[in-house]
Every structure is written in structure tokens, then in C-alpha cells.
*Asks:* 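I'd like to ask you about the structure that follows.
In what follows, chains are A, B, ... by sequence order, proteins preceding strands, each numbered from 1.
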Protein chains: 2
Amino acid sequence: MAVDESCPVCRTAEVVCGKWTLLLVRDLAAGTLRFCELERSLTGISPRTLSLRLRALEEEGIVERHTYPEVPPRVEYALTEKGRALLPLVDGMRAYGERWLARRCEDAVAAALVSDVAAAA
Amino acid sequence: MAVDESCPVCRTAEVVCGKWTLLLVRDLAAGTLRFCELERSLTGISPRTLSLRLRALEEEGIVERHTYPEVPPRVEYALTEKGRALLPLVDGMRAYGERWLARRCEDAVAAALVSDVAAAA
DNA sequence: CAGCATCCGCCGTGATACTG
DNA sequence: CAGTATCACGGCGGATGCTG
């Protein structure tokens, strides 16, 4: 069943909810990047997924693609105005994550340190 | 492959990315609601999914559950402080959706009207 | 370098029926 | 009323290999 189209919150959620979408926006916020640069900055993404996400964002008008007819081929990606309009949202999510969602590995490290100290004492 | 835990944006995205999650937060923003009320306001959700989402949000401390030992049973759900902290984000998404993501059916209706008028002329 | 083709597994979700 | 149980499906994402 399709999600409620009449809710603007949900329309935004649909755009933004891909696993890698926000990471792409985050990385492109700094400026234009090439395919391989995105591949490196998004550790672990498969070229297939990156390609699919970029194409989807391009179709939604959030990302612009510029192709340079060179050898070797060069393609650069950048945010459009519609894409940059997502940045305040991304900042809001960053703020929420930092305030309310502890980083698990940090917690684990902290807990480990505490228990180590306790064990040593 | 797990998404980058070190990125607070992504941690927030993981919390928020369930299909119904934001709708739940949106509806609970108005105040405490019962299971059946949520079932009605989230048109089309199955009780299974509603139950799963509520439990997940409860485990993350975003939603509080209050059970009343009555017959018939009554259970109420409300946002916690951590849940209410999501509201500015929801507002931001609403603003983005309204500004940048046209409602498809409205567009269709508008387009139909335009073409009808054109056809009548 | 920038991708597409193919195959496959997982998870969220949906439908339906049933219980305390 | 407030769920749980069970079954099934679709789509996203991952892995690998190949092309212009």
C-alpha cells in the first residue's frame, strides 16, 4: 500500500529515506564530486547502488550531472537548488542525532574503559 | 552492510526511515492517542505493523506507552521529550515537501482542469 | 573511469485470522 | 479493545563480472 501522498512530510520522507540518499546530499553539500570520489567517501557502497541513487536523485531534480566528453570519461555531480534546500533538514537531523542518539561504538568504548578501570581497581 | 554509525545524520535517518514512523510522530504530536485511534488516523496500516512500529519507537524512547488495567483494555501512546524533539524536524520536512514536492494528485487535477478549459475554448 | 547486467538475500510490509 | 500468529511478497541493497 502506498503511503499518504497528501502528507508533505511523507513526500519528503520518501525522497530522503533511501539508505544512502542523505549521505549523498551530505557529501555533495561540500561541492561538486565525481563518481569515484563519491564511491570513496561513501564507504561500502556498491557502484550499482550509487548509480541507482544518483539517477533517482537526478530524476527528482535534487542532483545535477555534468558529463565531460573526455578520455577517460569524467562525470561530475552537484546539488541543485532543490537539493541545497535539503541541507537545513540534514543539519536538523545531525543536531538531533548528536543530541539524542549516542554513537554506539563510542558508548561501547566508554563502557569498556569504565569496566576496565573497575576491573583494575 | 550497515550504514555509517559515526554519522549523526544517518543515525537519525535510521530512526526516522520506517514508512510509518513519521506519520506516528506527526499524529502523536497532537497528544495522547489510543491504539485504535492510531489505526484509524494512519489509514491503511495493519495492526501488525502499527504494533511493531510502536514497539520499536518505545524501545528507542521516542514513544511512551501507558496501560490501564481495565475492561475493555485501554492503552495510550504519547511522545516523550526525545520524541517531541523530532517535531522541528518533522516541520522542516513538511516545509520542504510543500515548497518542493508537489502533490501528484493535485497536479493531475490542476492539469486536467487546465486542459479541460483549453479543450472547451 | 563510469557505468550497466545479472543474480540473490534480507527485511519491512501487507493480508488474514485468531486471542486475552 | 489491543494486540499476536502465520504466511507471502516486493523492493532495496549487496556481490560479481563486463563494457565503452
*Asks:* Is A:Ser51 close enough to C:dG3 that one of its side-chain N or O atoms is under 4.0 Å from OP1 or OP2 there?
*Replies:* no
*Asks:* For the pair made of CG in B:Leu42 and P in C:dT13, what is the distance, rounded to whole Å?
*Replies:* 12 Å
*Asks:* Can you tell me which nucleotide in C:dA2, D:dG3, C:dG14 comes closest to the side chain of B:Arg55?
*Replies:* D:dG3
*Asks:* Could you state the atom-to-atom distance from CZ of A:Arg53 to P of C:dC4 in whole Å?
*Replies:*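 The answer, rounded to whole Å, is 14 Å.
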*Asks:* Show, in sequence, the C-alpha distance, side-chain angles and deciding distance for B:Phe35 and B:Arg65, and conclude whether the side-chain contact (heavy atoms from CB on, under 4.5 Å) test is met.
*Replies:* CA-CA 10 Å; B:Phe35 191 89; B:Arg65 182 211 310 238; over 6 Å; no
*Asks:* With a 4.0 Å cutoff (strictly under), does any side-chain N or O of A:Arg40 reach OP1 or OP2 of C:dA2?
*Replies:*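 Answer no for this pair, as no side-chain N or O of A:Arg40 is under 4.0 Å from OP1 or OP2.
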*Asks:* Of the nucleotides C:dG3, D:dG3, C:dT13, which one has an atom closest to the side chain of B:Arg65?
*Replies:*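 The answer is D:dG3, which lies nearest to the side chain.
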*Asks:* Just wondering, more than 12 heavy atoms not from A:Glu81 lying within 6.0 Å of its CD?
*Replies:* no
*Asks:* Show your working on side-chain contact (heavy atoms from CB on, under 4.5 Å) between A:Leu89 and A:Thr12 and close with a plain yes or no.
*Replies:* CA-CA 10 Å; A:Leu89 219 43; A:Thr12 305; 3.9 Å; yes
*Asks:* Among C:dG14, C:dC1, D:dC1, which nucleotide has an atom closest to any side-chain atom of A:Pro72?
*Replies:*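 Nearest to the side-chain atoms of A:Pro72, counting from C-beta on, is C:dC1.
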*Asks:* Any side-chain N or O of A:Arg34 below 4.0 angstrom from OP1/OP2 of C:dG3?
*Replies:*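 For A:Arg34, the contact criterion (side-chain N or O under 4.0 Å from OP1 or OP2 of C:dG3) is not met.
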*Asks:* Which nucleotide in the set C:dG3, D:dA2, D:dT4 lies at the smallest distance from any side-chain heavy atom of B:Pro47?
*Replies:*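 Side chain of B:Pro47 sits closest to D:dT4.
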*Asks:* What is the distance, to the nearest angstrom, from the CG atom on A:Leu50 to the P atom on D:dA15?
*Replies:* 14 Å
*Asks:* Between C:dT13 and B:Ser46, is there an OP1 or OP2 to side-chain N/O distance shorter than 4.0 Å?
*Replies:* no
*Asks:* Please report, rounded to the nearest Å, how far the C1' atom of C:dC1 is from the CG atom of A:Leu54.
*Replies:*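 After rounding, the gap between these two atoms is 14 Å.
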*Asks:* Yes or no on side-chain contact (heavy atoms from CB on, under 4.5 Å) for B:Glu37 and B:Arg40, after CA distance, side-chain angles and deciding distance?
*Replies:* CA-CA 5 Å; B:Glu37 293 174 319; B:Arg40 276 189 289 272; 4.1 Å; yes
*Asks:* As a quick check of understanding, evaluate side-chain contact (heavy atoms from CB on, under 4.5 Å) for B:Leu79 and B:Leu87, giving each step before the final call.
*Replies:* CA-CA 10 Å; B:Leu79 292 181; B:Leu87 293 178; 4.3 Å; yes
*Asks:* Measure the distance from CD on B:Glu39 to P on C:dT13 and round it to the nearest whole Å.
*Replies:*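 In whole Å, C:dT13 P and B:Glu39 CD are 16 Å from each other.
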*Asks:* Rounded to the nearest angstrom, tell me the gap between atom CZ in A:Arg74 and atom P in C:dA2.
*Replies:*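 Between P of C:dA2 and CZ of A:Arg74: 9 Å.
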*Asks:* Could you give the CD1-to-P distance, from A:Ile45 to D:dC12, as a whole number of Å?
*Replies:* 14 Å
*Asks:* May I ask you to say what A:Tyr68 touches in the nucleic acid, namely base, sugar-phosphate or nothing, with a heavy-atom cut-off under 4.0 Å?
*Replies:*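 Counting heavy atoms under 4.0 Å across all strands, no contact is made by A:Tyr68.
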*Asks:* With the side chain of B:Leu52 defined as its heavy atoms from C-beta on, choose the nearest nucleotide among D:dG3, C:dT13, C:dA2.
*Replies:* C:dT13
*Asks:* Expressed as a whole number of angstroms, how long is the span from A:Lys19:NZ to C:dC10:P?
*Replies:*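 To the nearest whole Å, that distance equals 14 Å.
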*Asks:* Would you say a side-chain N or O of A:Arg48 is under 4.0 Å from OP1 or OP2 of D:dC12?
*Replies:*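 Result: no.
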